2 protein chains.
Amino acid sequence: MRADAKRNYDRIVEVAREVFREQGYDASLDEVAKRAGVGPGTLYRHFPKRENLLDAIMQSWVDRVTEASEKALAYEGADRELLLRWFEEYVALISLHKGGPAKITSAMGDPTSPILTKCQVLTSANDRVIERLREDGVLRDGVDTVQVCRLVGGIATVADQGDLGAAAVRPLLEIVADGLLR
Amino acid sequence: MRADAKRNYDRIVEVAREVFREQGYDASLDEVAKRAGVGPGTLYRHFPKRENLLDAIMQSWVDRVTEASEKALAYEGADRELLLRWFEEYVALISLHKGGPAKITSAMGDPTSPILTKCQVLTSANDRVIERLREDGVLRDGVDTVQVCRLVGGIATVADQGDLGAAAVRPLLEIVADGLLR
DNA sequence: CACGATACGGAGACCGTCTCCGTTTAGCAA
DNA sequence: TTGCTAAACGGAGACGGTCTCCGTATCGTG
């Protein structure tokens with residue numbers, strides 16, 4: 001990659017992160033290009049689809065994810081509380097941008113999604129928490145990771161779309177947690 | 001309303017129902033106008049916002065909703081099964097169109113939404129079921145109708161976006177139901 | 001420094017939303 | 001039936017977003 005290309009690439013990602021946080025995932029890409037001081041052509045060459053840009057933005061995000069799951073697993077307390085803490089982290093992680101919960105949760109079931117690999121990091125982080133509970137023998141029978149992601153992702157999605165705060169989300173997570181534990 | 005106006009109004013609603021079912025809630029409105037054989041101006045005069053058109057489409061839907069809740073309440077069996085049957089009806093009702101679950105669930109918390117009144121029909125139908133369970137003393141403490149709508153709406157939303165069938169949705173509903181019952 | 005590969009960026013095609021306003025029509029009254 | 005007016009129509013076009021094409025500029029190597 002040529003030096004000027006890399007400069008533009010980095011700058012676009014940086015600006016896009018800012019713009020998406022401000023305006024959500026459907027912000028204008030020409031706007032991103034303009035703010036980054038490049039032509040739309042340049043942006044679309046580096047990132048042919050909107051998703052490719054999102055993918056690039058998420059590089060730093062994957063680190064956070066693993067970190068969060070490790071933090072949750074390190075918790076020395078009741079299983080229910082461990083699960084709830086993880087759920088809250090999970091919701092926070094996918095809600096960093098407006099529209100994130102819907103985007104990420106639906107990408108999980110779509111093998112062609114460009115952000116699939118990023119989502120898999122999340123699913124496997126979730127899996128570690130779920131496995132731990134299964135080993136403790138406190139998990140409902142027949143539950144799999146994907147189902148948990150869908151349930152929590154669903155809550156995060158409605159919270160995102162309805163501008164609900166953590167206080168409104170917590171009881172919903174508790175209901176799901178209690179449904180998952182035996 | 002003049003006769004020709006009414007004719008066009010009705011025709012637009014009819015066509016829109018068809019187009020939305022085919023292409024989802026973000027189908028082109030000019031396309032709707034074209035298929036209805038009217039100019040875009042006519043469409044936008046009758047329905048200044050996309051939501052107004054959705055609202056009109058939903059007139060027949062509200063009848064289905066009350067019917068469904070009555071059917072659920074008439075069920076003579078275990079509370080858990082009653083709740084699950086209602087949940088399945090609920091999901092089906094809001095998933096009639098692609099994008100419906102997200103639209104309807106987020107409209108519930110938005111007092112300015114033009115489809116608010118339609119959603120209230122749904123919330124109060126849900127409320128009747130929840131009240132029945134509360135009277136039976138099988139409901140978890142501190143649960144309110146809105147929370148239930150959000151949980152089930154969340155599941156329906158991810159199912160809608162991920163093209164999940166009833167078979168994948170059922171276990172999720174069971175988990176939520178068990179979390180809601182004591 | 002020269003030259004080929006690489007990257008840039010803007011003009012513009014395309015599409016959806018929505019408005020403005022000149023034209024048409026319904027429906028009433030004489 | 002005819003004439004009139006308020007109501008309704010509908011299409012041209014402004015606007016904004018997406019994305020492409022291609023002539024131009026730049027990098028970095030020989």
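From a predicted model like this one, the values you see are computed outputs, not experimental measurements. Labels below follow one simple rule: chain letters A, B, ... track the order of the sequence lines, proteins then strands, and each chain is numbered from 1.
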* To do: Let me have a per-nucleotide readout for nucleotides 16-21 of chain D, 5' to 3', with B, S or -, counting only protein heavy atoms under 4.0 Å.
  => -SBBBB

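- Screening residues 99-108 of chain A for salt bridge (Lys or Arg N to Asp or Glu O under 4.0 Å) gives A/Glu51-A/Lys103 as the qualifying pairs, with residues at least two apart or on separate chains.
- Qualifying salt bridge (Lys or Arg N to Asp or Glu O under 4.0 Å) partners for A/Arg21, counting only residues two or more places apart in sequence or in other chains: none.
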Sequence neighbours excluded and cut-off under 3.5 Å, please list the side-chain donor-acceptor pairs for residues 67-76 of chain B, or say none.
unit_1  : atom_1 : unit_2   : atom_2 : d
B/Ser69 : OG     : B/Thr66  : O      : 3.1
B/Ser69 : OG     : B/Arg128 : NH2    : 2.8
B/Lys71 : NZ     : B/Glu89  : OE2    : 2.8

* Structure fact -> Protein-proximity profile, nucleotides 22-30 of chain C, B/S/- by nucleotide at the 4.0 Å heavy-atom cutoff, equals ---BSS---

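- Recorded end-axis angle for the helix from C/dC1-D/dG30 to C/dA30-D/dT1 stands at 10°, based on five pairs per end and rounded to 10 degrees.
- A/Tyr90 pairs by the ring pair (Phe, Tyr, Trp, His ring centres under 6.0 Å) definition with A/Trp86, not counting sequence neighbours.
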Side-chain atoms of residues 139-157 of chain B: list all donor-acceptor pairs with protein atoms under 3.5 Å, sequence neighbours left out, distances to 0.1 Å.
unit_1   : atom_1 : unit_2   : atom_2 : d
B/Arg140 : NH1    : A/Asp178 : OD2    : 2.9
B/Arg140 : NH1    : B/Gly179 : O      : 3.0
B/Arg140 : NH2    : A/Asp178 : OD2    : 2.9
B/Asp141 : OD1    : B/Arg182 : NH2    : 3.1
B/Asp144 : OD1    : B/Val146 : N      : 3.1
B/Asp144 : OD1    : B/Gln147 : N      : 2.9
B/Thr145 : OG1    : B/Asp127 : OD1    : 2.3
B/Gln147 : OE1    : B/Asp144 : N      : 3.2
B/Thr157 : OG1    : B/Gly153 : O      : 2.7

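- Pairs passing the salt bridge (Lys or Arg N to Asp or Glu O under 4.0 Å) check and including a residue from residues 23-32 of chain B, sequence neighbours excluded, read B/Glu31-B/Arg35.
- Checked against salt bridge (Lys or Arg N to Asp or Glu O under 4.0 Å), A/Arg85 has the following partners two or more places apart in sequence or in another chain: A/Glu81.
- Here A/Asp79 pairs with nothing under the salt bridge (Lys or Arg N to Asp or Glu O under 4.0 Å) rule; sequence neighbours left out.
- Not a single salt bridge (Lys or Arg N to Asp or Glu O under 4.0 Å) links B/Glu14 to another residue, sequence neighbours left out.
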